[in-house]
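Proteins come first, then strands; the chains are lettered A, B, ... in the order of their sequence lines, and each starts at number 1.
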There are 2 protein chains.
Amino acid sequence: MDALELLTKHDIKPSLQRLAVMEYMLTHSTHPTVDEVYNALAPSIPTLSKTTIYNTLNLFEECGVVTYLGIDKKNARFDGNTTQHSHFRCNECGAIYDIMTQESGTVVLDEHPELVVNETHTYYKGYCKTCTKKLQPA
Amino acid sequence: MDALELLTKHDIKPSLQRLAVMEYMLTHSTHPTVDEVYNALAPSIPTLSKTTIYNTLNLFEECGVVTYLGIDKKNARFDGNTTQHSHFRCNECGAIYDIMTQESGTVVLDEHPELVVNETHTYYKGYCKTCTKKLQPA
DNA sequence: CTTTGTGCAAATTCTTTGCACCAAA
DNA sequence: TTTGGTGCAAAGAATTTGCACAAAG
């Protein structure tokens with residue numbers, strides 16, 4: 001599904017800026033911050049403002065077309081891939097990897113059947129291959 | 001294990017302030033923010049500064065005696081319970097519940113055996129009993 | 001003494017808000 | 001026109017930093 005279809009499907013009016021942000025999110029699985037999206041798009045949209053990136057990503061998140069990631073203590077990160085998967089973050093270099101996980105249907109918490117679960121987020125933290133080597137040289 | 005033992009075991013010098021913060025974290029499973037800890041302790045330690053709470057909680061987190069929770073978009077939250085469990089956050093009222101989960105030993109990600117996993121964080125988001133009722137009255 | 005923790009104030013960073021202007025229906 | 005999006009500048013909030021003083025060994 002391309003950017004235009006996705007926005008239309010969610011009743012989001014497809015402005016130039018919104019299409020550009022959506023397109024960027026769909027083609028970059030880097031879990032970018034607001035700044036990263038802004039810096040990537042600003043050259044091609046000279047009048048672009050960071051406020052618009054905030055507006056747009058917040059709107060997208062409310063509509064469920066991107067996901068907010070709380071994995072990074074400093075900045076908000078967003079993921080354009082809303083299919084079921086989890087994330088690994090390297091404590092050393094900060095790189096974030098996608099980890100594929102099984103689709104699981106409706107989640108019911110055994111001990112808390114009264115809690116209605118809409119989203120499940122799983123974050124792994126540790127060290128990536130490069131940083132493991134760097135920190136424990138042969 | 002009490003606050004003093006815990007700090008000593010991690011080679012953290014047990015100042016008055018640090019003991020008070022650790023004690024608070026051990027006796028309040030409310031996943032408090034820096035502000036909440038500060039407001040709770042300030043009356044009994046009149047000279048207390050918020051900087052000290054930041055210093056202390058950051059130190060504790062580095063030493064692994066408290067856990068940082070990225071579940072709340074606005075503020076950093078901390079958990080004095082470092083045993084294996086996950087969290088549920090109500091999208092409506094913001095309440096955070098502990099969800100007990102099975103102890104699982106060393107985690108190895110099937111498709112990424114090269115990633116060394118130190119921590120696994122699972123967050124559920126949805127609606128708690130009270131808010132479910134409120135939003136869908138009989 | 002010497003090291004280390006504390007706490008004030010200032011600085012930084014991230015994010016939101018108010019408002020005027022622009023664009024599209 | 002009227003509605004809604006954009007973007008600037010300012011405000012707001014959370015967190016960090018620099019530095020002087022205090023405390024403990």
Using the heavy-atom set of chain B and a strict 4.0 Å cut-off, write down the first and last nucleotide of DNA chain C that makes it in, 5' to 3'.
C:dT4 to C:dA9
Does the side chain to side chain contact (heavy atoms under 4.5 Å, CB included) test come out yes or no for B:N118 and A:N91, once each step is laid out?
CA-CA 9 Å; B:N118 292 332; A:N91 290 326; 4.1 Å; yes
May I have the step-by-step check of side chain to side chain contact (heavy atoms under 4.5 Å, CB included) for A:T120 and B:T122, ending in yes or no?
CA-CA 7 Å; A:T120 303; B:T122 302; 4.1 Å; yes
[X] and [Y]: side-chain donor and acceptor closer than 3.5 Å?
{"X": "B:T67", "Y": "B:E61", "value": "no"}
{"X": "A:E36", "Y": "A:T30", "value": "no"}
{"X": "A:T83", "Y": "A:N81", "value": "yes"}

Below 30° counts as parallel, above 60° as perpendicular, anything between as tilted: where do the rings of B:H31 and B:H87 land?
perpendicular
Plane angle bin for B:Y97 and A:H112 - parallel if under 30°, tilted between 30 and 60°, otherwise perpendicular
tilted
Are any side-chain N or O atoms of B:Y123 and backbone N or O atoms of B:G70, one a donor and one an acceptor, separated by less than 3.5 Å?
yes
Strand-adjacent residues in residues 13-33 of chain B, judged by heavy atoms under 4.0 Å from DNA chain C
B:K13, B:S15, B:Q17, B:R18
List every contact pair, protein side and nucleotides 12-16 of chain D side both N or O, where the distance is under 3.5 Å.
unit_1	atom_1	unit_2	atom_2	d
D:dA14	OP1	B:N75	OD1	3.3
D:dT15	OP1	B:A76	N	3.0
D:dT15	OP2	B:Y54	OH	2.9
D:dT15	O5'	B:Y54	OH	3.4
D:dT16	OP2	B:N58	ND2	3.2

Please answer: with hydrophobic residues joined when any side-chain heavy atoms are less than 4.5 Å apart, are B:Y38 and B:M25 in the same cluster?
yes
Take atom CG of A:L59 and atom C1' of D:dG4, then tell me their distance rounded to the nearest Å.
12 Å
Checking A:E111 against B:I99 for the side chain to side chain contact (heavy atoms under 4.5 Å, CB included) test, could you report, in this order, the C-alpha distance in whole Å, the side-chain angles of both residues, the deciding distance, and whether it holds?
CA-CA 8 Å; A:E111 313 295 327; B:I99 305 293; over 6 Å; no
